[in-house]
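Here is the naming used below: chain letters follow the sequence lines, and residue numbers restart at 1 for every chain.
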There are 4 protein chains.
Amino acid sequence: MNTFGRIFRISIFGESHGPAIGVTIDGVSAGMPLTVNDFLPDLKRRQSGAKGTTPRVEEDMPEIVSGWMNGHTTGAPLTILFRNSNIRSGDYDNIAKTPRPGHADFAAHVKFGGHNDIRGGGHFSGRLTLALVAAGVVAKKMVEPIDIEAKVISVGGSCEIEETIDRVLEQGDSVGGIVECRANGIPVGLGEPFFDSVESVISHLAYAVPAIKGIEFGSGFASASMNGSRHNDPILDATGRTATNHAGGITGGLTNGNELVFRVAVKPTSSIGMPQNTHSIETDRVEELVINGRHDACIALRVPVVMEAITAIALVDFRLLAKFRIVSI
Amino acid sequence: MNTFGRIFRISIFGESHGPAIGVTIDGVSAGMPLTVNDFLPDLKRRQSGAKGTTPRVEEDMPEIVSGWMNGHTTGAPLTILFRNSNIRSGDYDNIAKTPRPGHADFAAHVKFGGHNDIRGGGHFSGRLTLALVAAGVVAKKMVEPIDIEAKVISVGGSCEIEETIDRVLEQGDSVGGIVECRANGIPVGLGEPFFDSVESVISHLAYAVPAIKGIEFGSGFASASMNGSRHNDPILDATGRTATNHAGGITGGLTNGNELVFRVAVKPTSSIGMPQNTHSIETDRVEELVINGRHDACIALRVPVVMEAITAIALVDFRLLAKFRIVSI
Amino acid sequence: MNTFGRIFRISIFGESHGPAIGVTIDGVSAGMPLTVNDFLPDLKRRQSGAKGTTPRVEEDMPEIVSGWMNGHTTGAPLTILFRNSNIRSGDYDNIAKTPRPGHADFAAHVKFGGHNDIRGGGHFSGRLTLALVAAGVVAKKMVEPIDIEAKVISVGGSCEIEETIDRVLEQGDSVGGIVECRANGIPVGLGEPFFDSVESVISHLAYAVPAIKGIEFGSGFASASMNGSRHNDPILDATGRTATNHAGGITGGLTNGNELVFRVAVKPTSSIGMPQNTHSIETDRVEELVINGRHDACIALRVPVVMEAITAIALVDFRLLAKFRIVSI
Amino acid sequence: MNTFGRIFRISIFGESHGPAIGVTIDGVSAGMPLTVNDFLPDLKRRQSGAKGTTPRVEEDMPEIVSGWMNGHTTGAPLTILFRNSNIRSGDYDNIAKTPRPGHADFAAHVKFGGHNDIRGGGHFSGRLTLALVAAGVVAKKMVEPIDIEAKVISVGGSCEIEETIDRVLEQGDSVGGIVECRANGIPVGLGEPFFDSVESVISHLAYAVPAIKGIEFGSGFASASMNGSRHNDPILDATGRTATNHAGGITGGLTNGNELVFRVAVKPTSSIGMPQNTHSIETDRVEELVINGRHDACIALRVPVVMEAITAIALVDFRLLAKFRIVSI
């Protein structure tokens, strides 16, 4: 479904080549200073234009249509709208007949009986992350002074990021990457087990982004190769500070006062310039498919600001819910 | 929170050394054949006793206290209770003063103001997975004929599982492992993007188990090193069958008709026989901690049946929700 | 919160004098024929202009910004936007200092720390029912062939509706009324006890409209004066048809195959032309308040189409959920 | 469904003549003093035995099976179990063939394909309110010092309650009644419009009880006969105190600092001693039905403590949610 959250609740709508994409955020505190300018830096980070990202440039100017007055939130649902301006439907005409490998085309066609908007991936487009980033801007304000920073740490298995992308661009290919997100200043005890562990909620949100295929916290998959005597993080003082941080700041699903660390694996962009094979509905045979238009060589480059957004979104609810857990509050 | 699911909805309760652990399952169809015996094989798979798992043996006999009559479900909430019989509170006396590294002890103490039940980890105990497995038995029946199978594929980074555990046991240490889960016979188009992608819901449930520190679908983290021309799975026919399965059966958050494949990283058991350092609340110094009692050397061995359970739980809702997506139904 | 529903899920946003009011509907089946014209008849019924309703006339033209393509729903969230065009902020300048009796002004001021949009009642305005009516149009299509009809059955305690309103208008006063809603063609067994009885969900939605102060099903409050021998509806045949319908078509919280009947009490419009007393925040004294602008003499006249909408919205989810209750489906 | 609430969340299970009835309460603060004795006064008020109520007497001793230790809540889900001891299945043998007028028998039979537990009404039994009352005891503690009191104000349309019941008992008939609930000490601004107005949530919970057929707040249905100049409650001071309370303490869906007042209409007990007509599935004809066993003459007598419980349950969440609405908190 398209709504997430218990108190701070976001509802996302829109399709890549429809009239608009947007998000309604419920549960925003009233009286929070907020201007359109507050959104621009993160929106710019998500935007296309950099080397290795698609040259489709939308202005992506947010329009606040509710929940806002005189530079402050009103406490009513905050709806932010982005008009889709740079729509080129013609580029996508052959999708209906030949589902693109790696994309949702085939599965979505079956699920929605062919009625879904296929242009640009429709509701499955990475463009929907625009709404996540906008919600993230609000969420970041609500979790202050928690500090969240994400960056690409490798592309195609290499830390030589620019070189790798140059090479891939030349080939008309694409490449995957790893994004790491770190958050500091988080109070001890956030998270709502059994089901809403910190890992559960962050991974739920991270996997809403179709390009994500893996997520690990702390030492993650490397933990599986360790012994307990090495993996256990010795506690050093009454604040819960640990000597190592194999747990990535989370024990028993709760934040433990150390840096929150997670990494996501971003698959290579599915749309590539090279010819590919796929089944044609028209001829009922495997045929060669060439995807027109230009696309991101490495979608991972646009993911860091999205991971910051989902971390902030997850933390807002956790911080609000934590207030109730002790009887005196 | 302790409830999960939209239509098929499970609510888990209990603490490791409290009177009972249990689960209430709402949204069960009426008239489904079900007996206590149906639970026993999966419960036995989860249970302790095997080499490398704790010798604490509970009988773990399920008592169905509602939603059931004459061998069939009634459609009312199905509540299954497990009495805790083998309780040894004395073993855990020092936890309150010296939080165990790797456990929830410290974070839970802060979160609940010291009022949480610390015995055996309380509500954070792996024993809570008993309730998940019980719910999984019901869910597996509801998703028939989908077939779900999970197994340990490596321990401590090695496929020589028994040898590794023997070595670790000798050292009084513990070790992590990787569990792989595969499901076949899944219809095309399950999953409810934007937020409830198949990966989102399965990872949400998987991370409810405190020992899980990573989850990846299909090629997962390896995808990040691939080019798109290699990672994209060519579609072969009208059923959506692909030549490779780097996507792990999920594109755009939807099942695509191929085998669903995911792997979880299970950290080494936090309780180990070797002495460890931790901060003592009493002395406000780092002190040596020895954890009494016997514990699992490799908790990963008990995880496969839990991953099967959470996969089945996720699929029930997805299958029910998919029925609505086309107007004719 | 501003989201309602389990599968068919509506999220409402907007303030009376902000840029726009709207609704996002998630869980709409794909491929359902839908045009802007489909909305106009119900929107017109809700609209002002008739005798006894406010002369503020908005065009109320729905703009579908997502979930729709070529005259059909796509299965993605359907967002419908209404621009607020006829905004007169000046009329409401004194609200901040002297909260209007009967309105949310005082309570909302406290709740939102004075940051809420007070113009026209802001998010508490009856104008928000526009979004409900739009969602109702979609819901009515989804519950076909169920037929839902509501009408005003009395105003100010009298069935002489037009006469009563003429008299009240002359006095600059307002008056309450009773609206009755009836639905036919509902299958037996809708409703999801324990908590989601048909009465529970319909009353929950009805009371979202601030003017509603009472709701009763079947004989309702009159039931409290009856004996069981009279109140019980004798069942006549295998379809569940009953000789009387004191239950209003609902027994045990489930639809029983008879006509669904409920009535709501609509309070008199709170904004009246006559001077009233209220506490002034400025002078800290009770002062006389005169509300400028023109307002509905009888808001009940606009409520029938809203009650039809909420009934349809409730029934969509009930009908979808009922499909799961028997194991064979 | 059988779960209600956003933060303070109750899940109800059980059938009248199954092994047990119970409730799991999630979101309870840790460290709250609680003993089994705390439950007894309210349980006793709900219990049968008084004149006009059924002589089936259960011990109704609550067993706390999780979330509790050493006289305090632990913060983990609190599960309270009531064993059903006084089960007489034989009394209900003919229900399957001849659905009882006024009961859920017919509708539930259709909904659950005949698989539901019909004994004593099964999951539709008024006995399920036991779980509500238990949850109410916990909720009342959490909303202290708010004071909630409900009582029967009329039976069969008369305030001569005992006389009316004597007469009805003699006839083997039953009779309805009105219960009024009042709550004092509620802060201004509770309630979460648009959908979760105070009236919405209280009525949702009230209608979970199958015997409730009407609910009104403040002047309720009488409001529909009033003019605005009379109905509007003049605000007297900065605390929001009003000269009259036609609004029942709620304006715009928010508490306004005045006494919360609502009334519910309780229908006459459906099970009566007098013979009734109903359709027989066996003979496909209308036949005379005599219901064996003894039943409440006036179920309304047991409803006050249930209305107090649902009011407290509603207020817990409202109070927790209100804390977030202003940015400084």
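With Glu15(C) contributing its side chain and Gly67(A) its backbone, the two residues share a donor-acceptor pair below 3.5 Å. Between the Asn2(C) side chain and the Asp26(A) main chain, no donor and acceptor come within less than 3.5 Å of each other.
For the options Arg9(C), His72(C), Lys111(C), heavy-atom pairs under 4.5 Å to chain A are most numerous at Arg9(C). Of the residues considered (Ala20(C), Gly113(C), Gly122(C)), Ala20(C) shows the highest number of contacts with chain A, using heavy-atom pairs under 4.5 Å. In terms of heavy-atom pairs under 4.5 angstrom with chain C, the leader among Leu81(A), Ile7(A), Leu78(A), Ile64(A) is Ile7(A).
Taking the ring-ring contact (aromatic ring centres under 6.0 Å, His included) definition, one finds that Phe194(A) meets it with nothing, sequence neighbours left out.
Taking OG of Ser66(C) as the start and CD1 of Ile12(A) as the end, the distance is 11.5 Å to the nearest 0.5 Å. Note: Asp117(C) CG to Thr73(A) OG1 = 12.0 Å, rounded to the nearest 0.5 Å.
No side-chain heavy atom of Thr74(A) sits under 4.5 Å from any side-chain heavy atom of His123(C). Side-chain contact between Ser11(C) and Thr3(A): present, with at least one pair of heavy atoms (C-beta onward) separated by less than 4.5 Å.
The two residues Phe13(C) and Pro77(A) have their closest heavy-atom pair at CB-CB, 3.9 Å. Across Arg83(C) and Glu63(A), no two heavy atoms sit closer than the pair NH1-OE2, 2.8 Å.
Residue contact with chain C, scored on non-hydrogen atoms closer than 4.5 Å, involves the side chain of Met69(A) exclusively.
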